[in-house]
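Structure, as structure tokens:
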Amino acid sequence: MAATPVTYGRWTAGTLLGRGTTGTVRLAHDATGHAVALKVVHTFLARDEEFRARFAREVATLGAVHGRHTAALVDADAGVEATVPWVAMEYVRGPTLHARVGGADAVGGGDPLPLGELRSLAGALAWALDTVHGAGLVHGGLKPSNVLLAEAGPRVVDFGMARAMDDASSDTERSARGLPYAAPEQLAQALSTPAADVFSLGAVLAFAATGHAPFAGGPRAVPGDPDLAGAPEPVLPLLAACLAVDPAARPTPRTVARMAGHPLPGSRRKALTVATVLLAFASHHVNSAPRHRTLVDDGTERRAGADGTPG
Ligand SMILES: Nc1ncnc2c1ncn2[C@@H]1O[C@H](COP(=O)(O)OP(=O)(O)OP(=O)(O)O)[C@@H](O)[C@H]1O
């Protein structure tokens, strides 16, 4: 006899997609066939009142996240009264970055991405973080299994969830969970900030560039030097900048995107505005500039226009 399908709101849960620290993720459909990734919170966390309150707060803000490189919130029942809190996110079809590179989290080597793909990945991750931060959230747990490589480009999932977990975990749990992509200040003081996300971006990119995580070994409140052996030289400055120990020294996602050669929309508009202003300024000054002296071939001096035409 077939098992009764389990439903959450209008969603019928199906194939298991993965199991994380917060919950279990399944592919789910509604009656129209619309697919979502349904995350159902683990029972032991659902019983923890404080966790539930934090989770509800985080989920309430997820609706504001809309971007090309993030998965949107579709539906949720995450209130403190829910029997088991769950969220339904846009389903992204494609392998995780973790699977694509080869699942080598420790030194030992997967299959690194070529330079062009690395640059696009950096641009997409920066775009995703810019979207998440713009909505007033932080990701808090960016890692290769949270990056899905869809046909239309990489998409980041699971933002906001890790922060709900942070306060519920002991230092040791945080270290174990966060290794090896969390920022040092996250491991030491549970400080999830936009700058901590940029550190994780650098660590994820380093994984994609080398085939191994940049920090292997035990918990590291103060990280040693990242192992970037095998990373293509052009991305080294970007990796080093993101992996700075001092959060204030890390670039913003917009700067990361620019360094990767994939400036975010808006940056271009701003750049164009700056260029237009500079052009207007220059042309005003050029037009009103005194005609200047030009030394011509025969050694005599002539008055010439600003464009160099003889006067
Ligand atoms: N929106 C989504 N679309 C498609 N698959 C998804 C989506 N969200 C999550 N998944 C899949 O479910 C897996 C588990 O996701 P989840 O975010 O719970 O786990 P995690 O990131 O491994 O763990 P943690 O909760 O500890 O951060 C992911 O690795 C991915 O394969």
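No experiment lies behind these values; they were computed from the predicted model shown. Both ligands and their constituent atoms are indexed starting at 1 by order of listing. When reading the values below, keep in mind they use all heavy atoms of this one structure, side chains included, and skip hydrogens, waters and symmetry mates.
Close approach of ligand 1 to Lys39 (heavy-atom distance below 4.0 Å) involves ligand atoms 16 (P), 17 (O), 18 (O), 25 (O). Every atom of ligand 1 is numbered from 1 in the order shown, and the set under 4.0 Å from a heavy atom of Asn146 is 17 (O), 21 (O). Counting the atoms of ligand 1 from 1 in the order shown, those under 4.0 Å from a heavy atom of Thr22 are 25 (O). Residue Ala37 has at least one heavy-atom neighbour below 4.0 Å for each of these atoms of ligand 1: 1 (N), 2 (C), 3 (N), 7 (C). For ligand 1, the atoms closer than 4.0 angstrom to any heavy atom of Tyr91 are 3 (N), 4 (C). In the vicinity of Glu90, heavy-atom distances shorter than 4.0 Å reach the ligand 1 atoms 1 (N), 2 (C), 3 (N).
Tyr181 and Ser200 make their closest contact through O-OG, 2.8 Å (heavy atoms, listed as atom of the first residue, atom of the second, distance). Heavy-atom minimum distance, Arg250 versus Pro184: NH2-CD, 4.0 Å. Between Gly211 and Val101 the shortest heavy-atom distance is CA-CG1, 3.7 Å.
Judged by the shortest distance from any of its heavy atoms, Lys143 lies inside the 4.0 Å radius around the atoms of ligand 1.
Salt bridge status for Asp158 with Lys143: absent, with no side-chain N to carboxylate O gap under 4.0 Å. The pair Arg155-Glu90 meets the salt-bridge criterion, since a charged nitrogen lies less than 4.0 angstrom from a carboxylate oxygen.
When the options Val156, Leu148, Val147 are ranked by their closest heavy atom to atom 6 (C) of ligand 1, first place goes to Leu148. Relative to atom 19 (O) of ligand 1, the option among Gly18, Gly20, Ala72 with the closest non-hydrogen atom is Gly20.
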What verdict does the ring-ring contact (aromatic ring centres under 6.0 Å, His included) test give for Phe215 and Phe199, after you've listed the backbone C-alpha separation in whole Å, the side-chain angles of each residue and the deciding distance to 0.1 Å? CA-CA 12 Å; Phe215 302 101; Phe199 185 99; 5.8 Å; yes
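Side-chain contact between His139 and Leu129 is present, with heavy atoms from C-beta onward closer than 4.5 Å. In this structure, Trp11 and Val74 have side chains that are in contact, with non-hydrogen atoms separated by less than 4.5 Å.
Residue-environment remark: CZ (Arg19) stays at or below the threshold of 12 foreign heavy atoms within 6.0 Å.
Contacts between His98 and ligand 1, counted as non-hydrogen atom pairs separated by less than 4.0 Å, are absent for every part of the residue. With a 4.0 Å cut-off on non-hydrogen atoms, Thr21 touches ligand 1 through its backbone as well as its side chain. The backbone and the side chain of Ser145 each have at least one atom closer than 4.0 Å to an atom of ligand 1 (non-hydrogen atoms only). Under 4.0 angstrom from ligand 1, the non-hydrogen atoms of Thr96 all belong to its side chain.
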